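Have a look at the structure below, then the notes.
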Number of protein chains: 2
Amino acid sequence: MSPTKEDYLKILFELGGRTEQVPNKEIANRLGISPPTVTEMMNSLVKAGWVVYTPYKGSKLTPKGTEYAKKLIRKHRLWEVFLVKHLGFDINKVHPEAELLEHSTSTVLADKLETYLNFPEYCPHGGAIPVDSMEAQEVKTLHLPEVEVDTPVKISRIVDDEKLLQYFRNHDLNIGDSIIVTSRDISLDLMTVHHISSKETIQISQTIAQYLFVEIISS
Amino acid sequence: MSPTKEDYLKILFELGGRTEQVPNKEIANRLGISPPTVTEMMNSLVKAGWVVYTPYKGSKLTPKGTEYAKKLIRKHRLWEVFLVKHLGFDINKVHPEAELLEHSTSTVLADKLETYLNFPEYCPHGGAIPVDSMEAQEVKTLHLPEVEVDTPVKISRIVDDEKLLQYFRNHDLNIGDSIIVTSRDISLDLMTVHHISSKETIQISQTIAQYLFVEIISS
DNA sequence: TATAATTATTAGGGTATCCTAAATTTATTA
DNA sequence: TAATAAATTTAGGATACCCTAATAATTATA
């Protein structure tokens with residue numbers, strides 16, 4: 001498996017390719033490559049049994065492809081824990097480092113690293129680390145724009161992207177914080193969020209709020 | 001810089017390409033690729049300023065190429081320290097892991113790792129880690145077959161290769177041990193070594209002993 | 001020094017990954 | 001539903017890296 005192919009599988013997983021067909025354009029956008037290259041690569045991934053591809057429709061991961069993607073994501077998140085907790089990296093800056101390391105990490109190494117880190121449950125951005133808890137986390141978390149008004153929720157995960165992380169940090173929205181969506185204006189693409197502990201009120205774009213994952217507080 | 005090109009630079013450094021012209025064949029052997037591929041790659045490395053190449057003679061690193069190679073070797077050795085001391089890898093098994101990781105390690109990451117490891121001087125096989133001490137180490141160490149008979153020496157480094165490491169371990173020759181070469185038979189490619197602390201006498205092939213680096217004990 | 005052996009290069013290919021431009025299919029909308 | 005817009009694929013190329021077979025240069029040896 002080349003790092004390139006691994007990237008395709010991981011992106012596919014992140015774009016929901018476990019359950020839905022992901023259009024080529026989304027993959028091309030995410031990876032910053034041209035659509036014809038995606039078509040070509042998909043044919044190659046199909047041949048190797050990682051992906052099911054329907055021309056003009058999009059691609060889905062096979063069970064084998066899904067497993068592989070989860071293992072990669074686990075490696076990525078384990079490195080992030082190491083980089084932040086032991087090496088002192090800023091949470092906003094670990095993504096590109098982990099992105100490289102994940103492709104150079106054997107299963108033996110990942111297992112030893114996990115032991116060394118004392119079996120962390122989550123990466124610094126709140127993503128589940130054990131492969132068996134990744135899908136469970138997806139089920140129990142909501143994208144912030146999906147939350148009903150006036151329902152208290154807790155921020156459990158932020159998509160791992162430097163700019164997004166900086167944006168949310170600037171708006172004082174961090175993992176573990178409890179918030180309430182107080183109103184929404186779909187036409188203006190805005191939502192108003194009340195931050196419970198700081199008592200501040202924040203307005204953010206719904207498009208961006210999509211990258212904030214929350215859990216309903218069961219109190 | 002691709003991992004492939006990085007490997008060429010590193011091998012060149014290890015084969016003495018800092019001071020001498022390294023023939024293509026040696027590089028081809030070490031990397032397990034065909035000689036024409038080496039010729040082709042050398043032309044590409046010349047174009048990028050990493051190497052000086054004399055057709056039919058061999059290649060030397062430019063100062064820029066030497067610096068790059070040393071940085072790679074530093075990364076490799078830092079990872080080895082981490083893998084052995086923190087993750088519990090066997091010394092004989094870390095090479096392939098570090099070989100992959102070194103290509104995915106930014107300077108920032110290497111620096112933070114070095115700090116975390118508390119600025120180790122040597123890798124588990126005795127190789128110097130700070131880039132400025134690598135050449136000094138080369139100067140003060142000898143290949144075991146170069147040592148005069150009856151001169152007490154200390155094993156300071158073993159070339160990082162699983163089979164070699166296993167061979168020396170089986171013969172009870174480890175880093176830090178003090179030994180004396182008691183005799184040599186060039187025609188039989190054999191040398192007899194006396195192990196000072198264990199008082200055992202060991203016979204090893206001179207060809208292989210070349211991969212043991214020692215320092216004269218200045219007592 | 002001529003010949004043989006060794007080493008290196010050239011010639012001609014192959015795969016992986018990427019691209020742009022043109023053609024095709026699908027989706028949208030008037 | 002016909003026309004337009006958007007997404008996808010096909011066609012044709014490029015570069016990086018790797019190969020084998022054939023040729024050329026160098027080195028070793030008789």
Side-chain angles (χ1 to χ4, degrees), chain A residues 1-17 20-61 65 68-69 72 96 99-100 102-104 207, chain B residues 1-17 20-61 65 68-69 72 96 99-100 102-104 207:
Chain A
M1 257 314 239
S2 68
T4 305
K5 285 199 167 67
E6 290 188 341
D7 283 337
Y8 278 83
L9 294 190
K10 223 181 46 158
I11 292 294
L12 220 32
F13 184 91
E14 288 169 7
L15 295 176
E20 285 152 52
Q21 285 183 328
V22 179
N24 282 1
K25 205 202 170 199
E26 282 189 42
I27 297 166
N29 285 158
R30 268 297 205 97
L31 293 174
I33 59 180
S34 71
T37 302
V38 177
T39 305
E40 189 179 48
M41 179 59 84
M42 285 311 159
N43 286 317
S44 158
L45 290 173
V46 165
K47 205 181 299 179
W50 303 110
V51 153
V52 174
Y53 181 50
T54 313
Y56 292 101
K57 300 297 179 183
S59 338
K60 279 173 87 161
L61 290 164
Y68 199 102
L72 279 170
E99 197 65 23
L100 290 177
E102 67 185 13
H103 301 298
S104 309
T207 308
Chain B
M1 257 312 238
S2 67
T4 305
K5 286 198 168 65
E6 291 188 340
D7 282 337
Y8 278 83
L9 295 190
K10 223 182 45 157
I11 292 293
L12 221 32
F13 185 90
E14 287 169 8
L15 294 176
E20 285 151 52
Q21 286 183 328
V22 180
N24 282 2
K25 206 202 168 199
E26 283 189 41
I27 297 166
N29 285 158
R30 268 296 205 97
L31 293 173
I33 59 180
S34 72
T37 304
V38 177
T39 304
E40 188 180 49
M41 180 58 85
M42 285 309 156
N43 286 317
S44 158
L45 291 173
V46 165
K47 206 182 297 179
W50 302 111
V51 153
V52 174
Y53 180 50
T54 312
Y56 292 102
K57 300 297 179 183
S59 338
K60 279 173 87 162
L61 290 164
Y68 199 102
L72 280 169
E99 197 66 23
L100 289 177
E102 66 185 14
H103 301 297
S104 308
T207 309

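Small disclaimer: the values here were computed from a predicted structure and weren't measured. Per chain, numbering begins at 1; letters A, B, ... match sequence-line order.
- Considering only heavy atoms from C-beta on, Ile27(A) stays 4.5 Å or farther from Ile33(A) through its side chain.
- Shown here are the side-chain hydrogen bond (donor to acceptor under 3.5 Å, both in side chains) partners of Thr4(A), two or more places apart in sequence or in another chain: there are none.
- Among the heavy atoms of the strands lying under 4.0 Å from Gly32(A) are primed sugar atoms or P, OP1, OP2 only; no base atom is included.
- Residue Thr37(B) places at least one side-chain N or O under 4.0 Å from the OP1 or OP2 atom of dC19(D).
- For Pro36(B), the listed nucleotide lying nearest its side chain is dA21(D); candidates were dC18(D), dA21(D), dT9(D).
- By the side-chain hydrogen bond (donor to acceptor under 3.5 Å, both in side chains) test, Glu26(A) pairs with no residue at all, sequence neighbours left out.
- For Glu6(A), there are no salt bridge (Lys or Arg N to Asp or Glu O under 4.0 Å) partners two or more places apart in sequence or in a different chain.
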Residues 38-45 of chain A, side-chain donor-acceptor partners within the protein, below 3.5 Å, at least two apart:
residue  : atom : partner  : partner atom : Å
Thr39(A) : OG1  : Asn24(A) : ND2          : 3.3
Thr39(A) : OG1  : Pro35(A) : O            : 3.4
Asn43(A) : ND2  : Thr39(A) : O            : 3.2
Ser44(A) : OG   : Lys5(A)  : NZ           : 3.4

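- Between the P atom of dT23(D) and the OH atom of Tyr56(B) lies a distance of 14 Å, rounded to the nearest Å.
- With sequence neighbours left out, Thr54(B) forms a side-chain hydrogen bond (donor to acceptor under 3.5 Å, both in side chains) with Gln21(B).
- Identified under the ring pair (Phe, Tyr, Trp, His ring centres under 6.0 Å) test for residues 22-44 of chain A, with sequence neighbours left out: none.
- Qualifying side-chain hydrogen bond (donor to acceptor under 3.5 Å, both in side chains) partners for Ser2(A), counting only residues two or more places apart in sequence or in other chains: none.
- Contacts between residues 2-13 of chain A and DNA chain C, counted as heavy-atom distances below 4.0 Å, involve Ser2(A), Thr4(A), Lys5(A), Tyr8(A).
- Contacts classified as ring pair (Phe, Tyr, Trp, His ring centres under 6.0 Å) and involving residues 27-54 of chain A (residues at least two apart or in different chains) are given here: Trp50(A)-Tyr68(A).
- If you walk DNA chain C from 5' to 3' and mark each nucleotide with an atom closer than 4.0 Å to a heavy atom of chain B, the marks span dT7(C) to dT10(C).
- Contacts between residues 40-54 of chain A and DNA chain C, defined by a heavy-atom separation under 4.0 Å, are made by Glu40(A), Met41(A).
- Contacts of Glu14(A) classified as salt bridge (Lys or Arg N to Asp or Glu O under 4.0 Å), with partners at least two apart in sequence or in another chain: Arg30(A).
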